[in-house]
Trainee: 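My questions all concern the structure below.
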Amino acid sequence: MANILVSACLLGLECRYKGDSCENSAVLELAKEHTLIPVCPEQLGGLATPRAPSEITAGKVMNNQGQDVTENYRKGAEAALRIAQLNGVKVAILKAKSPSCGSGLIYDGSFSGSKIPGDGISAALLKEHDIAVYTEDEINDIKL
Ligand code: SF4
């Protein structure tokens with residue numbers, strides 16, 4: 001039994017920028033043996049739902065309206081880290097490719113669907129604090 005931090009949208013919470021979720025049955029299955037702790041860093045950072053989609057470009061997070069939302073993303077990442085640390089979390093499962101939650105691969109900032117190597121703001125902060133981050137596509141690799 002472990003405490004696992006999970007992107008809330010993967011658990012069926014409707015917190016994505018479009019106001020929907022991306023529930024993942026394989027991730028939910030882990031709740032039979034582990035405690036899954038949902039977090040949505042974008043909401044924790046003060047952003048509304050629904051909201052304009054954002055991508056990382058040149059070290060900033062910009063939405064598709066040209067607004068700089070980097071501070072919201074930083075604040076949300078700090079909150080996610082705090083929740084993880086309060087719960088002794090060592091492993092996180094975060095939504096692939098998101099500018100907050102993506103791990104290893106993110107959208108490239110052009111809003112064209114193209115991807116580049118990199119981490120979302122929250123995934124990067126969690127990794128800096130020795131929390132192992134996996135995407136929903138990597139759950140078979142998780143070591144608990
Ligand atoms: Fe899901 Fe993370 Fe985006 Fe929230 S910030 S909607 S948890 S991918």
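From a predicted model like this one, the values you see are computed outputs, not experimental measurements. When a ligand or atom number is given, it counts from 1 through the structure's own listing order.
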Trainee: For atom 2 (Fe) of ligand 1, count the protein N, O or S atoms found under 2.8 Å away.
Mentor: 1
Trainee: Is T135 reaching over with its side chain to a backbone N or O of D137, donor-acceptor style, under 3.5 angstrom?
Mentor: yes
Trainee: Dump the intermediate steps for side-chain contact (heavy atoms from CB on, under 4.5 Å) on H34 and N3, then the final yes or no.
Mentor: CA-CA 6 Å; H34 303 286; N3 286 349; over 6 Å; no
Trainee: How many angstroms lie between OG in S98 and CZ in R16, if you round to the nearest 0.5 Å?
Mentor: 9.0 Å
Trainee: Would you call D108 and K115 a salt bridge, taking side-chain N to carboxylate O under 4.0 Å as the test?
Mentor: no
Trainee: Could you measure the distance from the OG1 atom of T70 to the NZ atom of K60? Nearest 0.5 Å is fine.
Mentor: 7.0 Å
Trainee: Report yes or no: does E55 contribute a side-chain atom to a donor-acceptor pair with the main-chain N or O of F111 at less than 3.5 Å?
Mentor: yes
Trainee: Between K75 and E78 (salt bridge meaning N to carboxylate O under 4.0 Å), is one present in this structure?
Mentor: no
Trainee: Mark up the atoms of ligand 1 that fall under 4.0 Å of a heavy atom belonging to R51, in ascending order.
Mentor: 6 (S)
Trainee: Closer than 4.0 angstrom: is that true for some heavy atom of K97 and an atom of ligand 1?
Mentor: no
